[in-house]
Number of protein chains: 2
Amino acid sequence: MASNMEKLNDIALEHIAQYFQALSEPTRLKILHSLQDGERNVSELTELSGCTQANVSKHLSLLAKIGLVKRESRGTSVYYNIADPSIYTLCELVCGQIGSRLADEAPLRAMLLSSLDKFNT
Amino acid sequence: MASNMEKLNDIALEHIAQYFQALSEPTRLKILHSLQDGERNVSELTELSGCTQANVSKHLSLLAKIGLVKRESRGTSVYYNIADPSIYTLCELVCGQIGSRLADEAPLRAMLLSSLDKFNT
DNA sequence: TGACTATATAACTATATGGTTATATATTAA
DNA sequence: TTAATATATAACCATATAGTTATATAGTCA
């Protein structure tokens with residue numbers, strides 16, 4: 001029985017890991033952010049993300065596979081919308097953590113500020 | 001200025017993505033789970049995770065770099081403890097999502113149950 | 001100082017991943 | 001049926017990642 005539970009936990013861990021992995025890429029985070037206010041088609045997402053259509057399509061495919069977005073074909077366009085809004089809760093929690101870290105870590109903060117300075121020229 | 005804000009958002013996204021990436025690996029999730037009740041040294045984590053000491057050490061190094069764990073040398077042992085308990089909130093949220101997905105998806109559920117059956121022999 | 005234990009790191013390997021270019025596929029209209 | 005637009009996928013490439021084996025490094029004790 002203990003072996004049963006152990007195996008089930010491994011499968012659960014794999015699912016959890018995959019879920020986090022879907023969120024572990026800036027381009028995908030951008031796409032998900034673009035979908036927060038409502039569905040968009042691939043062309044729109046391509047423009048908003050600044051990546052190639054092929055790349056966006058590839059990322060969307062993964063997000064759909066993990067179940068974070070849903071795909072809906074309409075005419076010649078394909079629309080994607082959020083299937084799992086809890087990801088925004090996750091992102092907010094992480095943003096909060098990273099934000100408070102930035103406050104705590106003066107060296108990192110100085111680096112970020114110097115990045116800003118570079119664009120003031 | 002818009003370019004400044006955009007650049008800062010890219011940096012934030014990168015940090016967020018890295019945070020999720022730290023959680024996107026079953027072995028690392030196991031290690032973090034083992035630390036939930038309190039600190040442990042590398043040997044203990046090695047036994048609990050079922051991986052090699054070198055591998056565990058490597059994962060711990062990454063977790064420390066992202067700021068999820070803290071390292072403390074004591075005698076010949078090195079202890080690691082959780083620096084950012086919010087990861088357990090994240091995991092619970094994701095578990096909840098995946099759990100309700102399992103309830104929704106009969107085919108996947110049947111697969112998991114058949115996994116259990118295999119161990120009843 | 002040498003021996004021992006615990007841990008980190010180097011070097012390697014197989015596989016995965018993100019991005020790209022080209023093109024296959026799907027839908028629609030004339 | 002052909003042409004046009006939108007999207008998905010194949011194939012490729014460079015880089016990253018997880019795991020491994022070997023060994024360097026750190027701390028302690030006699």
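Note on naming: letters A, B, ... go to the chains in the order of the sequence lines (proteins, then strands), and numbering restarts at 1 for each one.
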- Given dA6(C), dA8(C), dT7(D), which nucleotide is nearest the side-chain atoms of Val78(A)? dT7(D)
- Query: Starting at CZ of Arg71(B) and ending at C1' of dT9(C), how long is that distance when rounded to a whole Å?
  - Reply: 12 Å
- Message: Restricting to side-chain contact (heavy atoms from CB on, under 4.5 Å), what partner residues turn up for Ser77(A), sequence neighbours left out?
- Response: Asn41(A), Tyr79(A)
- With respect to the phosphate group of dA8(C), does any side-chain polar atom (N or O) of Tyr80(B) fall under 4.0 Å of OP1 or OP2? yes
- Item | Phosphate OP1/OP2 of dG19(C): any His59(A) side-chain N/O under 4.0 Å | yes
- Query: Listed in order of residue number, which residues of residues 19-30 of chain A have a non-hydrogen atom at under 4.0 Å from DNA chain C?
  - Reply: Gln21(A), Glu25(A), Thr27(A), Arg28(A)
- Are any non-hydrogen side-chain atoms of Leu48(A) and Lys30(A) less than 4.5 angstrom apart? no
- Looking at DNA chain C, which of residues 34-45 of chain A put a heavy atom within less than 4.0 Å of it? none
- Message: Can you build the contact string for nucleotides 20-30 of chain C? Use B for base contact, S for sugar-phosphate-only contact, and - for no protein heavy atom under 4.0 Å.
- Response: BBB----BS--
- Message: Any side-chain to backbone donor/acceptor pair from Tyr19(A) onto Cys95(B)? Under 3.5 Å, distance only.
- Response: no
- Five-pair end axes of the helix from dT1(C)-dA30(D) to dA30(C)-dT1(D) and the angle they enclose, rounded to 10°: 10°
- Task: Not counting sequence neighbours, which residues clear side-chain contact (heavy atoms from CB on, under 4.5 Å) with Cys51(A)? List them please.
- Result: Thr27(A), Ser49(A), Asn55(A), Val56(A)
